[in-house]
Number of protein chains: 2
Amino acid sequence: MREEDLKQRLRARDLRITPNRLQLLTAVDGFVGAIPHTKLQADLASMDRVTLYRTINSLLEGGLIHRASANEQETYYALCEDSCQADAHQHQHIHFKCDTCEKIYCLPMRQDLHLNTGAFKVRTFEILASGQCEACASLEK
Amino acid sequence: MREEDLKQRLRARDLRITPNRLQLLTAVDGFVGAIPHTKLQADLASMDRVTLYRTINSLLEGGLIHRASANEQETYYALCEDSCQADAHQHQHIHFKCDTCEKIYCLPMRQDLHLNTGAFKVRTFEILASGQCEACASLEK
DNA sequence: CTCACTAATGCAACAATGTTGCATTTAAGG
DNA sequence: CCTTAAATGCAACATTGTTGCATTAGTGAG
């Protein structure tokens, strides 16, 4: 994505445009799948560790990125769709972790999920899946 | 659940029966929903912090309990069904966190979920949902 | 362009969570 | 009982995330 587009996204959410934020967004955008926090820290080593946490938080709150958890300690981040609101992320997708290459992918939901949970009113949900990704499956053949 | 049943579960998975393990299982079993780690630590304060981690690990590996993540820092644990194998948990259920009382419930899946993810082969999945639980909904009326 | 104001940053310190090594104790089978 | 391997407790360490505060920098107004 062009830097100007990233700046535009920041402006759209009333977030100041700073080198750190652009660096972070570029790193997230450039990574295939959701990027692990440790990788962010390694790639953005010039940025203070605390600043990284706070920058991530700003972008999370601003709805520019989202957390893609994977049922582990490590947390992952990915860019949001344009349609995401600051307070209401529109993520009807699956966070898929490949058992082989360990990448985290955000896959679209192709089925309208109807969570039938009786008297429990579901407001949001997230699906964590694991298995084998497309790339690793084709390598195996 | 009776203590004898808990012992039986330990034996079934070739795990030694120790007071710590029985305490832990009793705490998990007695809690409504999945129990947070912090609550376990508070309730089992007599147990060494490290021993708690290791005991949890043994029971996780033995398939007696499972982790119920909730897209947060805190981790939660719940008893497994009898049918769970040590290496393959049969959890086609939803981990539901109530926004009001913050309890974590393990709800059964009433719908057969067909994850249509193209060339991505799904092996396991977990659903994290949030909303309002039955108890909190009825209180509100 | 400059100024003023607020938000962002960097640093230090702290807090919470989880792990490893090692010596000691204990469960379980003979 | 006795033996043996597993479980436990303690100390130390590692990782991850947070808070306070002084300094710097982005932004909008003039």
Side-chain angles (χ1 to χ4, degrees), chain A residues 3-4 6-27 34-77 86 104, chain B residues 3-4 6-27 34-77 86 104:
Chain A
E3 179 164 300
E4 190 49 45
L6 297 177
K7 287 186 182 177
Q8 198 46 52
R9 291 193 174 207
L10 285 167
R11 275 190 214 102
R13 300 301 163 89
D14 284 320
L15 291 169
R16 291 188 178 181
I17 296 167
T18 73
N20 280 339
R21 290 181 178 172
L22 288 175
Q23 265 190 73
L24 178 46
L25 285 173
T26 303
I35 191 167
H37 185 99
T38 47
K39 170 101 175 108
L40 276 177
Q41 204 163 304
D43 286 1
L44 309 177
S46 65
M47 191 183 315
D48 185 74
R49 208 170 58 88
V50 176
T51 302
L52 175 57
Y53 279 111
R54 291 201 264 229
T55 305
I56 288 173
N57 256 331
S58 305
L59 300 186
L60 281 175
E61 286 170 17
L64 290 204
I65 61 176
H66 66 276
R67 227 188 285 264
S69 49
N71 209 359
E72 295 177 24
Q73 323 51 268
E74 179 97 272
T75 51
Y76 298 81
Y77 302 95
I104 306 285
Chain B
E3 180 165 301
E4 190 48 47
L6 298 176
K7 288 186 181 175
Q8 198 46 53
R9 290 194 175 208
L10 285 167
R11 274 189 216 104
R13 301 303 163 90
D14 283 320
L15 291 169
R16 290 190 179 178
I17 296 167
T18 73
N20 280 338
R21 291 181 177 172
L22 288 175
Q23 266 191 74
L24 178 45
L25 285 173
T26 302
I35 191 168
H37 184 99
T38 49
K39 171 100 175 105
L40 276 177
Q41 203 163 302
D43 287 1
L44 309 178
S46 66
M47 191 184 315
D48 184 73
R49 209 170 57 87
V50 176
T51 302
L52 176 57
Y53 279 111
R54 291 200 265 227
T55 304
I56 288 174
N57 256 330
S58 304
L59 300 186
L60 282 175
E61 285 169 18
L64 290 204
I65 61 175
H66 64 276
R67 226 188 286 265
S69 49
N71 210 0
E72 298 176 22
Q73 322 50 270
E74 177 94 274
T75 51
Y76 299 80
Y77 302 95
I104 306 285

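In what follows, chains are A, B, ... by sequence order, proteins preceding strands, each numbered from 1.
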>> Nearest 0.5 Å, please: how far is CD1 in Ile35(B) from OG1 in Thr75(B)?
In response: 11.0 Å
> Along nucleotides 15-28 of chain D, 5' to 3', which nucleotides get a B, which get an S, and which get a -, given that the test is a protein heavy-atom distance under 4.0 Å?
Replying inline: -BBBBB-----BS-
> Going by heavy atoms in the side chains, are Leu52(A) and Asn20(A) under 4.5 Å from each other?
Replying inline: no
> Is the backbone of Arg16(A) close enough, under 3.5 Å, to the side chain of Arg21(A) for a donor and an acceptor to pair up by distance?
Replying inline: yes
> Separation of Leu60(B) atom CG from dG18(C) atom P, in whole Å?
Replying inline: 12 Å
> Just to confirm, is there a sub-4.0 Å distance from OP1 or OP2 of dA7(D) to any side-chain nitrogen or oxygen of Asn20(B)?
Replying inline: no
> With sequence neighbours left out, what residues match Glu74(B) under salt bridge (charged side-chain N to carboxylate O under 4.0 Å, His left out)?
Replying inline: none
Protein N or O to nucleotides 2-4 of chain C N or O, pairs below 3.5 Å:
none

>> In whole Å, I'd like the distance from the CG atom of Leu52(A) to the C1' atom of dA8(C).
In response: 14 Å
> Could you give the CG-to-P distance, from Leu22(B) to dT26(C), as a whole number of Å?
Replying inline: 16 Å
> According to a strict under-4.0 Å criterion, is Thr55(A) in side-chain N/O contact with OP1 or OP2 of dT9(C)?
Replying inline: yes
> Arg21(B) CZ to dT26(C) P: how many Å, rounded?
Replying inline: 15 Å
> When all nucleic acid strands are considered with a 4.0 Å heavy-atom cut-off, which category describes Ser58(A): base, sugar-phosphate, or nothing?
Replying inline: nothing
> Residues in side-chain hydrogen bond (donor to acceptor under 3.5 Å, both in side chains) with Glu3(B), at least two apart?
Replying inline: none
> salt bridge (Lys or Arg N to Asp or Glu O under 4.0 Å): which pairs involve residues 35-54 of chain A, sequence neighbours left out?
Replying inline: Lys39(A)-Asp43(A)
>> Roughly what angle, to 10°, lies between the helix axis at the start of the helix from dC1(C)-dG30(D) to dG30(C)-dC1(D) and the one at its end, five pairs per end?
In response: 40°
>> How long is the straight-line distance from OH of Tyr77(A) back to CG of Leu40(A), given to the nearest 0.5 Å?
In response: 8.0 Å
> What's the CG-P distance between Asp48(B) and dT25(C), to the nearest Å?
Replying inline: 15 Å
>> Quick check for you: to the nearest 0.5 Å, what is the distance between Arg11(B) atom CZ and Leu6(B) atom CG?
In response: 11.0 Å
